[in-house]
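Report on one structure; see the data block that follows.
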Amino acid sequence: DFIEIQPVIGPVCGSVRPPGSKSITNRALILAALAQGRSRLTGVLDSKDTAVMLDSLRKLGLFVDHDLESQSCIVEGCGGQLNCPDADLWLENSGTSIRFLTSFCAIGTGRYRLDGVERMRQRPIRDLVQTLNELGARVRCEVPETGCPPVLVDGSLGRLPGGAASVRGDISSQFLSSLLMAAPAAQTAVTLNVDG
């Protein structure tokens with residue numbers, strides 16, 4: 001047995017805009033923060049990860065205006081010159097935020113502490129920290145034996161020097177993204193060798 005259903009109206013036409021991606025939104029926010037001048041981002045996702053990124057960029061001295069209704073954001077970039085003297089960044093459980101901001105803070109000239117909830121303190125970040133140190137940054141995990149946040153970045157002796165370093169290719173792509181976004185702001189050219 002079957003029932004034939006006849007539509008009462010014609011075909012449905014329209015368009016749907018899916019919500020933004022937290023991963024893409026946070027990448028775009030970091031790139032806008034690194035850029036020279038004003039950037040306007042559209043399709044900005046309203047999420048906890050985005051909120052902690054926006055809050056952190058403000059704590060780092062950048063002007064950020066997030067309009068929830070239009071899903072847009074205005075960011076006044078630092079032109080690769082982060083001059084905030086110090087900041088304590090609380091990142092909840094946002095992995096994208098802590099990974100991207102660790103490299104972003106390495107281009108700064110101050111002292112920065114990045115931390116989050118208890119679960120964040122179980123998320124490995126040692127590989128990113130080691131690669132940044134290979135590039136001349138002064139970055140360390142507050143509890144070295146864990147290889148996890150809290151992360152301390154000391155740029156008081158100058159911003160990210162640059163040079164050559166290796167990063168594993170079989171771990172989070174966010175480590176490589178983080179390094180690639182910060183690399184143009186280093187004092188000298190950066191060469192990243194991807195292992196694996």
Side-chain angles (χ1 to χ4, degrees), residues 23-39 41 52-64 73-89 91 94-115 124-142 144 147-169 171-196:
S23 182
I24 293 173
T25 295
N26 277 350
R27 281 174 171 84
L29 287 168
I30 288 290
L31 292 171
L34 284 163
Q36 181 73 42
R38 176 175 286 200
S39 296
L41 308 176
V52 298
M53 176 65 83
L54 292 167
D55 181 59
S56 295
L57 292 175
R58 289 182 185 111
K59 286 181 179 176
L60 291 167
L62 282 83
F63 172 81
V64 179
C73 194
I74 301 292
V75 180
E76 292 287 348
C78 69
Q81 302 285 324
L82 179 60
N83 295 317
C84 178
D86 58 63
D88 195 353
L89 308 179
L91 302 164
S94 176
T96 58
S97 298
I98 200 159
R99 291 168 184 148
F100 299 164
L101 285 166
T102 296
S103 295
F104 184 74
C105 287
I107 69 155
T109 55
R111 290 187 168 97
Y112 315 100
R113 183 175 186 270
L114 299 87
D115 196 7
I125 197 166
R126 177 178 287 136
D127 288 284
L128 177 61
V129 167
Q130 288 174 339
T131 304
L132 285 167
N133 286 327
E134 285 181 48
L135 294 172
R138 295 173 63 198
V139 183
R140 66 182 179 90
C141 295
E142 195 170 82
C148 298
V151 176
L152 305 172
V153 181
D154 183 358
S156 61
L157 297 180
R159 60 190 174 94
L160 183 66
S166 296
V167 61
R168 286 176 46 195
I171 53 174
S172 174
S173 66
Q174 294 174 7
F175 289 178
L176 183 57
S177 291
S178 177
L179 294 161
L180 289 172
M181 288 187 288
Q187 294 181 51
T188 61
V190 171
T191 301
L192 293 172
N193 299 303
V194 180
D195 294 334

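All values below were derived from every heavy atom in this structure, side-chain atoms included, with hydrogens, water molecules and symmetry-related copies excluded.
Side-chain contact between Ile30 and Met53 is present, with at least one heavy-atom pair separated by less than 4.5 Å. Arg27 has its side chain within reach of Ser23: a pair of non-hydrogen atoms, C-beta onward, lies under 4.5 Å apart. For the pair Leu57 and Leu101, the minimum side-chain heavy-atom distance is below 4.5 Å. Between Ser94 and Phe100 the shortest side-chain heavy-atom distance does not fall below 4.5 Å. Leu132 has its side chain out of reach of Val153: every pair of non-hydrogen atoms, C-beta onward, lies at least 4.5 Å apart. No side-chain heavy atom of Tyr112 sits less than 4.5 Å from a side-chain heavy atom of Val151. Using a 4.5 Å heavy-atom threshold, the side chains of Leu114 and Ile125 count as separate. In this structure, Asp115 and Leu91 have side chains that are not in contact, with every pair of non-hydrogen atoms separated by 4.5 Å or more.
Between the CD1 atom in Ile171 and the CG atom in Asp127 there is a gap of 3.5 Å [rounded to 0.5 Å]. Note that CG of Asp86 is 9.0 Å distant from CZ of Arg111, once rounded to the nearest 0.5 Å. Here Lys59 contributes atom NZ and Asp55 contributes atom CG; the two are 4.5 Å apart, rounded to the nearest 0.5 Å. Atoms OG and CG, from Ser178 and Asn26 in turn, are 11.5 Å apart once rounded to the nearest 0.5 Å. Between the OG atom in Ser103 and the CD1 atom in Ile98 there is a gap of 11.5 Å [rounded to 0.5 Å]. Put simply, SG on Cys78 and CD on Gln36 are 8.5 Å apart, with the number rounded to the nearest 0.5 Å.
When all heavy atoms of Val64 and Cys73 are compared, the pair lying nearest together is CG1-SG, 3.6 Å. The shortest non-hydrogen separation linking Arg99 to Phe175 is NE-CE2, 3.3 Å. The minimum heavy-atom distance between Glu142 and Leu152, with the atom names listed, is OE2-CD2, 3.8 Å. The two residues Val129 and Cys141 come nearest to each other via the heavy atoms CG2-SG, 4.2 Å. The minimum heavy-atom distance linking Ile107 with Gly80 is given by the pair CD1-O, 3.7 Å. The two residues Leu160 and Ala137 make their nearest non-hydrogen contact at CD1-CB, 3.7 Å.
No option in Ser97, Pro150, Cys105 other than Cys105 meets the side chain to side chain contact (heavy atoms under 4.5 Å, CB included) test with Leu89.
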For a side chain to side chain contact (heavy atoms under 4.5 Å, CB included) check, start with the C-alpha distance between Met181 and Leu31, then their side-chain angles and the critical distance, and finish with the verdict. CA-CA 7 Å; Met181 288 187 288; Leu31 292 171; 3.7 Å; yes

Yes or no on side chain to side chain contact (heavy atoms under 4.5 Å, CB included) for Arg140 and Asp154, after CA distance, side-chain angles and deciding distance? CA-CA 9 Å; Arg140 66 182 179 90; Asp154 183 358; over 6 Å; no

Between Leu192 and Thr131, does a side chain to side chain contact (heavy atoms under 4.5 Å, CB included) hold up when you go through it step by step? CA-CA 9 Å; Leu192 293 172; Thr131 304; 4.2 Å; yes

For Ser156 and Arg138: C-alpha separation, side-chain torsions, deciding distance, then whether side chain to side chain contact (heavy atoms under 4.5 Å, CB included) applies. CA-CA 9 Å; Ser156 61; Arg138 295 173 63 198; 4.2 Å; yes

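Looking only at distances, a side-chain donor or acceptor of Thr188 sits under 3.5 Å from a matching main-chain atom of Pro161.
Within a 6.0 Å sphere centred on CZ of Arg113, other residues, nucleotides and ligands contribute more than 12 heavy atoms. The 12-atom threshold is not exceeded at CD1 of Ile24, counting heavy atoms of other residues, nucleotides or ligands nearer than 6.0 Å.
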